[in-house]
Amino acid sequence: MKHYVLWGLIVAAFFLLSSCGSSKKIQEKSPISTYIMPGADLISGNGILRGWGSGRSDSEASARKKAQMAASAELAAILAKTVESTTEEYSTILSEGMSSESKSLLTDKTKITVNQTLAGATIVFDRWDKDEKTGQFINYIVLELKGDDYLKNLYKELEKNDAAIVDRDLLQRLFLKHIDENSKK
């Protein structure tokens with residue numbers, strides 16, 4: 001009887017250990033490699049707008065210029081979208097008390113201020129790389145713009161017209177809200 005039990009345990013151990021072996025299938029490598037761009041962790045939010053750009057060229061100066069242009073274009077698009085959504089919501093909230101003249105003045109001034117403020121954007125990330133295969137230089141840049149700087153420029157522009165009365169607290173609250181909303185998209 002002991003021999004049968006011992007023999008049964010040996011057979012059970014054999015099957016148990018043989019089923020724990022590794023699979024014969026060889027995992028194939030994915031043809032897609034994951035690459036996280038430098039500076040991608042610097043995103044807009046908390047009252048700050050950021051635009052990311054990269055440039056590639058045989059010349060360092062050209063690569064830098066391309067990266068700055070790309071970052072500026074992205075920052076301009078983000079700022080324009082934020083300003084547009086802020087202006088729409090602001091006008092909707094105050095639609096009863098605002099005349100159409102005041103709305104168009106606010107819209108015009110926000111467009112002027114966008115262009116002025118973009119000139120004051122600062123570089124917060126600047127990294128160089130070189131592609132060994134092609135010998136080209138790659139520059140990664142992140143430009144940053146503080147929402148408060150934009151609002152200060154907007155208020156200065158609006159003060160030039162005495163007719164414009166703006167609820168600064170509401171405008172600032174909406175602008176900062178839209179910066180955070182757009183950064184989550």
Side-chain angles (χ1 to χ4, degrees), residues 27-91 106-160 166-185:
Q27 288 189 356
E28 295 180 24
K29 277 184 127 179
S30 172
I32 301 170
S33 62
T34 303
Y35 178 73
I36 298 173
M37 295 297 235
D41 56 328
L42 297 170
I43 58 171
S44 297
N46 296 327
I48 296 174
L49 297 164
R50 292 189 177 113
W52 185 91
S54 69
R56 176 187 290 258
S57 179
D58 294 331
S59 157
E60 285 184 12
S62 295
R64 182 169 190 80
K65 190 173 187 177
K66 288 178 182 179
Q68 282 184 319
M69 286 175 39
S72 293
E74 183 175 326
L75 185 60
I78 291 168
L79 181 59
K81 182 179 176 184
T82 304
V83 166
E84 180 182 342
S85 55
T86 301
T87 306
E88 277 181 31
E89 187 172 354
Y90 181 82
S91 296
L106 179 62
T107 305
D108 292 342
K109 296 299 181 180
T110 54
K111 289 177 185 175
I112 292 168
T113 312
V114 165
N115 295 331
Q116 292 172 348
T117 308
L118 283 174
T122 56
I123 296 174
V124 293
F125 182 85
D126 188 1
R127 180 178 290 166
W128 285 95
D129 201 2
K130 187 169 184 176
D131 188 347
E132 297 301 325
K133 293 178 185 174
T134 63
Q136 289 187 323
F137 296 100
I138 306 168
N139 187 215
Y140 304 98
I141 290 179
V142 176
L143 288 176
E144 179 179 275
L145 183 65
K146 292 182 175 64
D148 289 336
D149 292 347
Y150 171 78
L151 289 172
K152 286 177 191 172
N153 288 341
L154 177 61
Y155 298 150
K156 284 180 190 174
E157 195 65 36
L158 287 170
E159 286 172 357
K160 291 178 183 176
V166 176
D167 184 349
R168 290 181 179 209
D169 292 334
L170 177 61
L171 191 60
Q172 181 173 8
R173 204 172 48 242
L174 292 175
F175 187 70
L176 296 177
K177 177 184 109 178
H178 284 282
I179 288 175
D180 291 339
E181 283 177 3
N182 289 337
S183 70
K184 293 175 185 171
K185 291 180 182 177

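Atom set for the values below is all heavy atoms of this structure, side chains included, hydrogens, waters and symmetry mates excluded.
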Partner set under side chain to side chain contact (heavy atoms under 4.5 Å, CB included) for Glu84, not counting sequence neighbours: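 Per chain and number, Glu84 pairs via side chain to side chain contact (heavy atoms under 4.5 Å, CB included) with Glu88.
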
Please tabulate, one pair per line, all N/O donor-acceptor pairs under 3.5 Å involving side-chain atoms of residues 141-148, not counting sequence neighbours.
from	atom 1	to	atom 2	distance (Å)
Glu144	OE1	Arg50	NE	2.9
Glu144	OE1	Arg50	NH2	2.7
Asp148	OD1	Gln172	NE2	3.3

Aromatic ring pairing Phe175/Tyr150, orientation class (parallel under 30°, perpendicular over 60°, tilted between):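 Parallel, since the angle between the ring planes stays under 30°.
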
Rounded distance [0.5 Å steps], CZ in Phe137 versus CG in Asp131: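 The CG atom of Asp131 is 11.0 Å from CZ of Phe137, to the nearest 0.5 Å.
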
Gap between atom CG of Leu49 and atom CG of Leu75 - 0.5 Å precision: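 So the gap between those two atoms works out to 6.0 Å.
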
Looking only at heavy atoms, which two atoms of [X] and [Y] are closest? And how far apart?
{"X": "Ser57", "Y": "Ser62", "value": "OG-CB, 3.3 Å"}
{"X": "His178", "Y": "Ser85", "value": "ND1-OG, 3.2 Å"}
{"X": "Ala71", "Y": "Gly51", "value": "CB-O, 3.6 Å"}
{"X": "Ser54", "Y": "Tyr140", "value": "CB-CD2, 3.7 Å"}

Salt bridge (charged side-chain N to carboxylate O under 4.0 Å, His left out) partners of residues 59-68, not counting sequence neighbours, each pair once: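 Matches after skipping sequence neighbours: Arg64-Asp126.
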
Whether Asn139 side chain and Arg127 backbone form a donor-acceptor pair below 3.5 Å: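 Checking the backbone N and O of Arg127 against the side chain of Asn139, a donor-acceptor pair under 3.5 Å is found.
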
